[in-house]
Amino acid sequence: MHQPRRLAAIGLALTLAGLTACSTDAVVATGDRPHRPEAPVTRTVDPETDPAALSIALESLPGYEPPTDLGDGRWERPMADGSGVVTWEVLDGDGAVIPDYAPDEEVAFGDPATYAQLPGVLTFRGNPWRTGGAYGTPAVTERTLEPVWEQQIGSIRGEGSYWPGAGWTGQPLLVQWPRETKVAMGLAQQFVDDDAFVEVIYPVFEGKIYRFDLATGEPTRPPIEVGWGFKGTASVDPRGYPLLYAGQGLNDTNGTIGPWRWRVFDLIRNEEVWHLSGLDPAAPRADWGAFDSSALVNAETDTVIAPAENGLIYKVKLNSAYDPAAGTVSVDPEVTRLRYAASTSDKFGIENSAVAYRNLMFAADNDGNVFCWDATTLEIVWMVNAGDDTDASLVLDEEADGRVFVYTGNEVDRRGSEGGEHITNIRKLDALTGEQVWQYDIPTYFQAINGGLMGSPMMGSGPTADLVFFNIARTTAPREGTMVALDKASGEVVWRRHLSNYSWSSPVLVTAEDGQQYGVLPDSGGVLHLFDPQTGEDVATLDVADGNNIESTPSVFGDTMVFAGYDAKIHAVRIR
């Protein structure tokens, strides 16, 4: 997205938050549900984690054609939608082109259930398909929302805007550490002895990384003072290593300009131990070095993948080591970069978090290009253009017959300069080819603040396995929004609900002990919605942020969720 426009928009969002919407929330049933499961669908988990066994040969993909070798390490292929061509090259740690990149090992991700070796939410939406965000099955009996604790945090001014609390996407991490790691990190004895202890780790706008006890809100370690703000979601190493990967989203703190960095933190020493520079001389975007993407770690190969807003995708061999008995953890990274340009590229940069299916990875960029690349070879497999900036992370779904799809949607950003009403396009794409399966269009406004799909889709599961949910901002009016449940097979509307306050947050699906499901969504008016995903109707609401915008995405562990808002507070709320 065009960053100065977004930054200026945030200040306006705070002004608009005090306005009263002209209509009330409502649910309108507009369609049938032909594929509703007769019984909750149980997905079979594939336990395989060996990249060699998981990898898909590109030659086996439907319609695959080898790219054109342009020489000197440059490659080209036609875009899958016929809108032009895409070229790319692989760069080494010094930014030089590798003429014939031949990696020593295959990189491939397993089933989302195998990603994290610790209980909790360890990356944006919890797994490489970006379908999670909630851990455990709480006992929900009263179907109400109850505040548990809140912590006052700070705010900054920078880039011409005010940045209080946490924003898009800003999902906190929730980690249930083993005892030996709690000891190595020097946590208080009360936390070490508590087998149910869960730590909240939350990088926020003010340039600090907070660490709290989920149950009480009590600090577990002093905040890590970074100095420049975070907008996106960090990642904890899924192997249980006390390593945190966090991309910086701002480099202006109250007028003090700092460096752009993607940072690695040692959670034992509680400090930064390594970084990538966002102002990379090899990057196609030289003036903006933010990292909003939430990294994915391939545990089997000790490799992390981190897209950047500078137009590069970083592949980092960590060479990590963790000795809990000695209380030490270390990294010695080796960096490889993927640099690409499409016929439609002029802004460059990726704000969303990459999705992974085996060795195939997916993202969308500020030019509206949605694409797939091979995590091993860094070959771009296919690319299509979505027509506008696409900031929301894709979500991936493997259907019962083995077919794989990604769901995505654009926003009104670049088209906003034209004024008036525009169309947000929601799409289902074949993940192996980029071919469009269906498209759902909805009118969207742009008035200084972006409208459209800012939050990632929520995939249904179990009793809602036939549905995919989209939270679309600034639809019926500039201050309002719409949430829809679409039939995954056809893209037809099953239900559509009006939101009197739009939302940029990504909804999270919670499944209770009794099998009942609940959706969680905060909005720009500071209201937290607990809704029934079968109907779209609210089960309970809670005015939790005193009318201030809640842009961040909640994380849920058991019956407790955590998020931060523009009231400059971190909130914990219980589903009862």
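Heads up: numbering here begins at 1 and tracks the sequence. These values consider heavy atoms only, across backbone and side chains, with no hydrogens, waters or symmetry-generated copies. In this text, all values refer to a predicted model and were calculated from it rather than measured experimentally.
Listed by first and then second residue, the salt bridge (Lys or Arg N to Asp or Glu O under 4.0 Å) pairs involving residues 449-458 amount to none (not counting sequence neighbours). Among pairs with a residue in residues 56-74, those fulfilling side chain to side chain donor-acceptor pair (under 3.5 Å) read Tyr64-Glu379, at least two apart in sequence or across chains.
When side chains are defined from C-beta on, Glu435 does not count as touching Val437, because their heavy atoms never get closer than 4.5 Å. Annotation: side chain of Val335 is in contact with side chain of Tyr314 (closest heavy-atom distance under 4.5 Å). With contacts defined as side-chain heavy-atom distances shorter than 4.5 Å, the pair Asn501/Arg479 qualifies. Taking the side chain as every heavy atom from C-beta outward, Val90 and Lys315 never approach each other to under 4.5 Å. You'll find the side chain of Glu309 reaches within 4.5 Å of the side chain of Arg285, heavy atoms only. By the 4.5 Å heavy-atom criterion applied to side chains, Phe205 and Tyr162 are not counted as neighbours. Put simply, the side chain of Asn366 does not reach to within 4.5 Å of the side chain of Trp288, judged on heavy atoms. Counting only heavy atoms from C-beta outward, the side chains of Leu509 and Ser461 approach each other to under 4.5 Å.
Across Thr482, Thr535, Asp538, a single residue satisfies side-chain hydrogen bond (donor to acceptor under 3.5 Å, both in side chains) together with Arg497, and that is Asp538. Of the candidates Tyr407, Tyr357, Phe405, Tyr357 is the only one forming a side chain to side chain contact (heavy atoms under 4.5 Å, CB included) with Leu396.
Distance alone, capped at 3.5 Å, is enough to place a donor-acceptor pair between the Ser294 side chain and the Thr233 backbone. Side-chain atoms of Asp401 come within 3.5 Å of backbone N or O of Arg403 as a donor-acceptor pair. A donor-acceptor contact shorter than 3.5 Å is absent between the side chain of Arg263 and the backbone of Ala246. Side-chain N or O atoms of Asn410 include one that pairs as donor or acceptor with a backbone N or O of Asn425 at under 3.5 Å. Ser505 places a side-chain N or O within donor-acceptor distance of the main-chain N or O of Ser552, the cut-off being under 3.5 Å. The backbone N or O of Leu394 sits nowhere less than 3.5 Å from a side-chain atom of Arg130 that would complete a donor-acceptor pair. Looking at Trp168, its side chain does come within 3.5 Å of a backbone N or O of Met454 through a donor-acceptor pair. Distance alone, capped at 3.5 Å, places no donor-acceptor pair between the Ser524 side chain and the Asn549 backbone. Judged purely by atom type and a 3.5 angstrom limit, Trp163 uses its side chain to pair as donor or acceptor with the backbone of Gly158. Between the Arg415 side chain and the His422 main chain, no donor and acceptor come within less than 3.5 Å of each other.
Taking a cutoff of 4.0 Å between a charged side-chain nitrogen and a carboxylate oxygen, Lys428 and Glu399 qualify as a salt bridge. Taking a cutoff of 4.0 Å between a charged side-chain nitrogen and a carboxylate oxygen, Arg337 and Asp280 qualify as a salt bridge.
To the nearest 0.5 Å, atoms CD (Glu76) and CG (Leu70) are separated by 5.0 Å. Atom CE of residue Met459 and atom OG1 of residue Thr131 lie 8.0 Å apart, to the nearest 0.5 angstrom. Put simply, CD1 on Ile449 and CD on Glu411 are 13.0 Å apart, with the number rounded to the nearest 0.5 Å.
In summary, the aromatic rings of Trp438 and Tyr440 are positioned with their centroids too far apart to meet the 6.0 Å limit. Checked against a 6.0 Å centroid threshold, the rings of Trp228 and Trp260 do not count as neighbours.
The two residues Tyr518 and Pro533 come nearest to each other via the heavy atoms CA-CD, 3.9 Å. Contact detail for Gly167 and Tyr566: the closest heavy-atom pair is CA-CE1, 4.2 Å. Between Asp367 and Asp346, the closest heavy-atom pair is OD1-OD1, 2.9 Å. Taking both residues in full, the closest heavy atoms of Ile442 and Thr475 are given as CD1-CG2, 3.9 Å, listed atom of the first, atom of the second, then distance. When every heavy atom of Ala392 is checked against every heavy atom of Gly455, the shortest pair comes out as CB-O, 3.6 Å. Scanning both residues, Val508 and Pro554, for their nearest heavy atoms gives CG2-O, 3.4 Å.
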* Decide side chain to side chain donor-acceptor pair (under 3.5 Å) for Thr169 and Thr553; before the verdict, give the C-alpha distance in whole Å, the side-chain angles of both, and the deciding distance to 0.1 Å. => CA-CA 6 Å; Thr169 57; Thr553 294; 5.7 Å; no
* salt bridge (Lys or Arg N to Asp or Glu O under 4.0 Å) evaluation trace for Arg43 with Asp111 -> CA-CA 11 Å; Arg43 197 178 65 82; Asp111 188 279; 2.7 Å; yes
* To do: Take Phe109 and Asn298, measure what side chain to side chain contact (heavy atoms under 4.5 Å, CB included) needs, and give me the verdict at the end.
  => CA-CA 6 Å; Phe109 294 81; Asn298 187 245; 3.8 Å; yes
* To do: For Asn352 and Asp391, run side chain to side chain donor-acceptor pair (under 3.5 Å): C-alpha distance rounded to whole Å, both residues' side-chain angles, the deciding distance at 0.1 Å, then the answer.
  => CA-CA 5 Å; Asn352 47 69; Asp391 288 339; 5.4 Å; no
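Checked against side-chain hydrogen bond (donor to acceptor under 3.5 Å, both in side chains), Ser345 has no partners two or more places apart in sequence or in another chain. Applying the salt bridge (charged side-chain N to carboxylate O under 4.0 Å, His left out) test to Arg36 and every residue at least two apart in sequence or in another chain returns nothing. Considering only residues two or more places apart in sequence or on other chains, Ser393 meets the side-chain hydrogen bond (donor to acceptor under 3.5 Å, both in side chains) condition with none of them.
Remark: Asp441 CG is packed, more than 12 non-hydrogen atoms of other residues, nucleotides or ligands lying under 6.0 Å away. More than 12 heavy-atom neighbours from other residues, nucleotides or ligands sit within 6.0 angstrom of CD on Gln534.
Between Thr344 and Asn369, the side chains place a donor N or O and an acceptor N or O closer than 3.5 Å (distance only, hydrogens not considered).
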Would you list the atom pairs, donor with acceptor, under 3.5 Å between side chains in residues 79-86 and any protein atom, with sequence neighbours excluded?
{"from": "Asp81", "atom 1": "OD1", "to": "Ser83", "atom 2": "N", "distance (Å)": "3.2"}
{"from": "Asp81", "atom 1": "OD1", "to": "Ser83", "atom 2": "OG", "distance (Å)": "2.7"}
{"from": "Asp81", "atom 1": "OD2", "to": "Ser83", "atom 2": "OG", "distance (Å)": "3.4"}
{"from": "Asp81", "atom 1": "OD2", "to": "Asn385", "atom 2": "N", "distance (Å)": "2.8"}

